[in-house]
Novice: 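Structure provided below as structure tokens; questions to follow.
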Amino acid sequence: MLDIKFIKENKDLVALAAKKKRINFNVEDLIAVEADRVAIGQQVEELRSKQNKASEDIMGATPELKEQIIRTMTDLKSELKNKEEKLSETMKKWRELMLQVPNIPDMSVPEGNSDEDNVEIRKWGDVKEFDFTPKDHIEIMELANMVDFERGTKTAGFRGYFLKNDAALLEMAVWQYAMDRWSKKGFTPMLVPSLVRKEALVGTGYLPQGEEDLYSDGNEYFAGTGEVSTMYYHSDEVLDNLDNPLKYIVWSPCFRKEAGSHGKDVKGLVRVHEFYKVEQVVLCRASHEESVRLHEEITRNSEEMMEELGLPYHTVINCTGDLGQGQVKKYDIEVWMPSQNKYRETHSASYFHDYQARRLNIRYRDNDGKMKFAHSLNNTAAATPRLITAIIENYQNSDGTVTIPEVLVPYMQGKTVMGKNGQK
RNA sequence: GGAGGCGUGGCCGAGUGGUUUAAGGCACCUGUCUUGAAAACAGACGUGCGGCAACGUACCGUGAGUUCGAAUCUCACCGCCUCCGCCA
């Protein structure tokens, strides 16, 4: 959500933002409703003013005068009721439109239609050359009984899976490693709800637009990311001070219908309906510079983790068409997937300015004594099982085993190689 | 599941139908004093909307209602607390 004053004064900027983001939103509709809101609001206020005046007069009036005032008030009351109904209709439209206003992308964001127009800004690690024909993660994992897709779909339907043996341990090792790693950087570790109220999704900007990608009974929803409940955690709060940003490292199950992606990644663990994610969530002062600094910081945090894991990656800046409604700027980190011979997204780092905080009513008192809406950011730390497919494919050996990245060995009961213990 | 109580500004808290422009306190902000800070004192001090302004208007968990007039009365919903029951 943006400030209506800002929208009125910068409607061209908002219209351009919608165009750049390929979002169907007509700012003129909102401007028209806003004009109605102000005009009808003034009429209502005028009537109320009269009513208040009459109320005051009535107190000291003689019985006859009282009668007379009450008679004139009857007409005024029905007129007021009429206008109030009009106002509430207008407000409803106004709120609906306000929830659709796109945030303004940063100047540094390249223009484009889709992820194909994203621009590489960094690259790390050499793409591994195998002296044998590398397998994909499905083959490696099935060979050692680390995954069961057949029973997975039997149980959970399309994209269902069971992780078994060393893969089950590896997945938990990654979570533990990530939670430890970020805790040491001063992030507060949290386990958060995945089952959330609708308001939490509206507040973070996943609704009303993203309904088709969410599991729900229309009342409670399964969140697609831990960001949702972590942000809602502070809703309607006034934070003590934000001289030091609030930083959370959050683990949660994530649920996505992946509507519109039915044809993509139909096999394997790259795209599933139910996965787990360690996520960085940050709240900071209402300062663009602070947001930018922290955005770079949380991006680097994850890049450095990929380097520790020895996974070749590149980082792209997402083009305008690939930005969400509320995002100002976004970087994706993409890992090299040998079986697909391309980079695949593992992390997504974005900042929102006060877009989410406005919707969630998260404020703080700034050093000048004024109430302000906070800024918010988030980035993936480790999303599994997608991340472990990358580990498995990049670290595979010719005999079908997988070498465990050094940093994960302590979390794998000291094991250095996996894939031998499974039994069919 | 049963019974009772409660929901007021950043926080605490008064207020049970009509100067409430929401008392009072704390915090925040600005001054004075100080090398600096603290303390003390003084001042300012909720938020939204309209208006150049004076000012007007709304907001007391949410929504509806009663009334000339609602923070205050009624109903519904949401949330919290206490006790009992149930489970562990």
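Treat the numbers as computed from the prediction; the structure is a model and nothing was measured. Just so it is clear: chains get the letters A, B, ... in the order the sequence lines come, proteins before strands, and each one is counted from 1.
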Novice: Mark yes or no for whether Asp354(A), through its side chain, and Phe373(A), through its backbone, hold a donor-acceptor pair below 3.5 Å.
Specialist: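 A pair under 3.5 Å: no.
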Novice: Mark yes when over 12 heavy atoms from residues, nucleotides or ligands other than Tyr233(A) sit less than 6.0 Å from its OH; otherwise mark no.
Specialist: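 12 or below, so no.
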Novice: When you compare G36(B) with U57(B), how far apart are their P atoms, in angstrom units rounded to a whole number?
Specialist: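 Taking atom P in both G36(B) and U57(B), they lie 48 Å apart.
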Novice: Using atom C1' in both nucleotides, what's the gap between G24(B) and G13(B) to the nearest angstrom?
Specialist: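 One C1' to the other, the span is 8 Å.
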Novice: Within this structure, what is the NZ-to-P distance between Lys81(A) and C68(B), rounded to whole angstrom?
Specialist: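 Rounded to the whole Å, the gap is 13 Å.
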Novice: In whole Å, measure the gap between the C1' atoms of C45(B) and U21(B) for me.
Specialist: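 Their C1' atoms lie roughly 15 Å apart.
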Novice: Are Glu211(A) and Tyr206(A) close enough that a side-chain donor and a side-chain acceptor fall under 3.5 Å?
Specialist: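 Side-chain D/A pair, Glu211(A) to Tyr206(A): absent.
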Novice: Between P on G10(B) and NE2 on His234(A), what's the gap in Å once rounded to a whole number?
Specialist: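 Nearest whole value for this atom pair: 17 Å.
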Novice: Between U20(B) and A58(B), how far apart are the C1' atoms? Round to whole Å, please.
Specialist: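 These two C1' atoms come out 14 Å apart once rounded.
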Novice: Indicate, with a heavy-atom threshold strictly under 4.0 Å, whether Lys8(A) touches base, sugar-phosphate, or nothing.
Specialist: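 Here Lys8(A) touches the backbone only, sparing every base.
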Novice: Could you state the atom-to-atom distance from CZ of Phe373(A) to C1' of G10(B) in whole Å?
Specialist: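 For the pair Phe373(A) CZ and G10(B) C1', the rounded distance is 14 Å.
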Novice: 5'-most contact on RNA chain B: Arg37(A) or Met371(A), nearest heavy atom basis?
Specialist: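 Closer to the 5' end of RNA chain B: Met371(A).
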Novice: Roughly how many Å apart are C60(B) and U47(B), using the C1' atom of each and rounding to a whole number?
Specialist: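 To the nearest whole Å, 13 Å.
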Novice: If I take atom CD in residue Glu84(A) and atom C1' in nucleotide A64(B), what distance separates them, rounded to the nearest angstrom?
Specialist: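 One finds 13 Å between C1' of A64(B) and CD of Glu84(A), rounded.
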Novice: Taking the P atom of each, how far is G25(B) from A42(B), in whole Å?
Specialist: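 These two P atoms come out 11 Å apart once rounded.
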Novice: May I ask you to check whether Tyr355(A) and His375(A) place their ring centers less than 6.0 Å from one another?
Specialist: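 No - the distance between ring centres of Tyr355(A) and His375(A) does not fall below the 6.0 Å cut-off.
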Novice: How long is the line joining CG of Asn361(A) and C1' of G46(B), in whole Å?
Specialist: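 Rounded to the whole Å, the gap is 14 Å.
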Novice: Expressed as a whole number of Å, how far does the C1' atom of U82(B) sit from that of C77(B)?
Specialist: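 That atom pair is separated by 22 Å.
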Novice: Report the nucleotide, chosen from G50(B), G18(B), G10(B), that has the shortest atom-to-atom distance to any side-chain atom of Ile58(A).
Specialist: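 Taking heavy atoms from C-beta onward, the closest nucleotide is G18(B).
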Novice: Under the 3.5 angstrom rule, does the side chain of His314(A) hit a backbone N or O of Trp124(A) as a donor-acceptor pair?
Specialist: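 Between the backbone of Trp124(A) and the side chain of His314(A) there is no qualifying donor-acceptor contact (under 3.5 Å).
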Novice: If you assign each of Lys370(A) and Glu34(A) to its closest nucleotide in RNA chain B, which residue comes earlier from the 5' end?
Specialist: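 Between the two, 5'-proximity favours Lys370(A).
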Novice: Phe255(A) and Phe222(A): aromatic ring centres closer than 6.0 Å?
Specialist: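 Yes - the distance between ring centres of Phe255(A) and Phe222(A) falls below the 6.0 Å cut-off.
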Novice: Kindly indicate whether a cation-pi arrangement holds for Lys198(A) with Tyr221(A), taking the cut-offs as under 6.0 Å to the six-membered ring centre and within 45° of the axis.
Specialist: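 The answer is no; the distance or angle limit is not met.
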Novice: What is the distance, to the nearest angstrom, from the CE atom on Met73(A) to the C1' atom on U67(B)?
Specialist: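 In whole Å, U67(B) C1' and Met73(A) CE are 10 Å from each other.
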Novice: Tell me if the aromatic rings of His273(A) and Tyr161(A) count as close, with their centers under 6.0 Å from one another.
Specialist: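 When the ring centroids of His273(A) and Tyr161(A) are compared, they turn out to be at least 6.0 Å apart.
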Novice: Along nucleotides 55-60 of chain B, 5' to 3', which nucleotides get a B, which get an S, and which get a -, given that the test is a protein heavy-atom distance under 4.0 Å?
Specialist: -BSS--
Novice: Strictly distance-based, threshold 3.5 Å: is any side-chain N or O of Tyr364(A) a donor or acceptor partner for the main-chain N or O of Ala286(A)?
Specialist: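 Pair found, side chain donor or acceptor close to backbone of Ala286(A).
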Novice: Ignoring the backbone of Val38(A), work out which of G50(B), C28(B), G18(B) is nearest its side chain.
Specialist: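 For Val38(A), the side-chain atoms sit closest to G50(B).
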Novice: Can you tell which of C78(B), C49(B), G69(B) lies closest to the side chain of Arg197(A)?
Specialist: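 From the listed options, C78(B) comes nearest.
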Novice: Write down the partner of U57(B) under the Watson-Crick or G-U wobble criteria, each distance required to be under 3.5 Å.
Specialist: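 Checking every strand shown, U57(B) finds its partner in G48(B), with both distances under 3.5 Å.
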Novice: With both distances kept under 3.5 Å, what pairs with A70(B), Watson-Crick or G-U wobble?
Specialist: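 A70(B) is paired with nothing.
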Novice: What nucleic acid atoms does Arg71(A) come within less than 4.0 Å of, heavy atoms only: base, sugar-phosphate, or nothing?
Specialist: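 The answer is nothing, as Arg71(A) stays clear of every strand by at least 4.0 Å.
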Novice: Across all strands, who's sitting opposite C83(B) as a Watson-Crick or G-U wobble pair, both distances under 3.5 Å?
Specialist: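 Base-paired to G2(B).
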Novice: Within this structure, what is the CG-to-C1' distance between Leu80(A) and G65(B), rounded to whole angstrom?
Specialist: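 Value for this atom pair: 15 Å.
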Novice: Looking only at side-chain N and O atoms, does Lys77(A) come under 4.0 Å of OP1 or OP2 in G69(B)?
Specialist: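 Yes, such a contact exists.
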Novice: Write down the partner of U21(B) under the Watson-Crick or G-U wobble criteria, each distance required to be under 3.5 Å.
Specialist: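 Across any shown strand, U21(B) pairs with none.
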Novice: My understanding is that a pair needs two contacts under 3.5 Å, Watson-Crick or G-U wobble. By that rule, which nucleotide pairs with A40(B)?
Specialist: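 In the structure as shown, A40(B) has U32(B) as its Watson-Crick or wobble partner.
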Novice: Which whole number of Å gives the distance between the P atom of C81(B) and that of C12(B)?
Specialist: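 So the two P atoms sit 15 Å from each other.
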Novice: Go ahead and name the base partner of C75(B); Watson-Crick or wobble counts if both distances stay under 3.5 Å, otherwise write none.
Specialist: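 For C75(B), the partner nucleotide comes out as G63(B), under the 3.5 Å rule.
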Novice: Rounded to whole angstroms, how far apart are CG on Leu239(A) and P on C28(B)?
Specialist: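 It works out to 17 Å between those atoms.
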